[in-house]
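Every heavy atom of this structure was used, including side-chain atoms; hydrogens, water molecules and symmetry mates were not.
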Amino acid sequence: MKKIDKLFKEKFNSNVTQFADSIGVSRTTVSQIINRKQLPKDKFFCQLINYCEKNNLDFREYIFLKKTVKKINSNKDRNVVI
């Protein structure tokens, strides 16, 4: 979470709405995650991965997973190896 917090502060000036809109999740979700009231769920992580890919960021800097996850997008499915 420290890396996500850093991304939130540096890229979005701690603006919840801007962060939420940029990654494609609700403002409420981002607010609860940032304030540690909710753990990030699959949709948040998938949207963060998409954001990172579009902005030439390595999502592995923000998400630490122990196994392969399946990434689903509108065009095709593919596995993302972490």
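In terms of the side chain to side chain contact (heavy atoms under 4.5 Å, CB included) criterion, residue partners of Asn35 (sequence neighbours excluded) are, by chain and number, Ser31, Lys37. The side chain to side chain contact (heavy atoms under 4.5 Å, CB included) test applied to Asp58 returns Arg60, Glu61, not counting sequence neighbours. Phe44 pairs by the ring pair (Phe, Tyr, Trp, His ring centres under 6.0 Å) definition with nothing, not counting sequence neighbours. Not counting sequence neighbours, the partners of Thr29 by the side chain to side chain donor-acceptor pair (under 3.5 Å) test are Ser26. Remark: Asp21 engages Thr17 in a side chain to side chain contact (heavy atoms under 4.5 Å, CB included) (not counting sequence neighbours). Applying the ring pair (Phe, Tyr, Trp, His ring centres under 6.0 Å) test to Phe12 and every residue at least two apart in sequence or in another chain returns Phe19, Tyr51.
Distance CD1/Ile33 to OG1/Thr28: 10.5 Å, rounded to 0.5 Å. Considering CG of Asn15 and CZ of Phe8, their distance stands at 7.0 Å, rounded to 0.5 Å. Ile34 contributes atom CD1, which lies 5.0 Å from atom CE of Met1 (distance to the nearest 0.5 angstrom). To the nearest 0.5 Å, the span separating CZ on Phe59 from CG on Leu7 amounts to 14.0 Å. Summarising the geometry, atom CG belonging to Asn55 is positioned 11.5 Å from atom CD1 belonging to Ile23; distances are rounded to the nearest 0.5 Å. Rounding to the nearest 0.5 angstrom, the gap separating the CZ atom in Arg27 from the CD atom in Gln18 is 12.5 Å.
Screening Lys2, Lys3, Lys6 against Tyr62 for a side-chain contact (heavy atoms from CB on, under 4.5 Å) leaves a single residue, Lys3.
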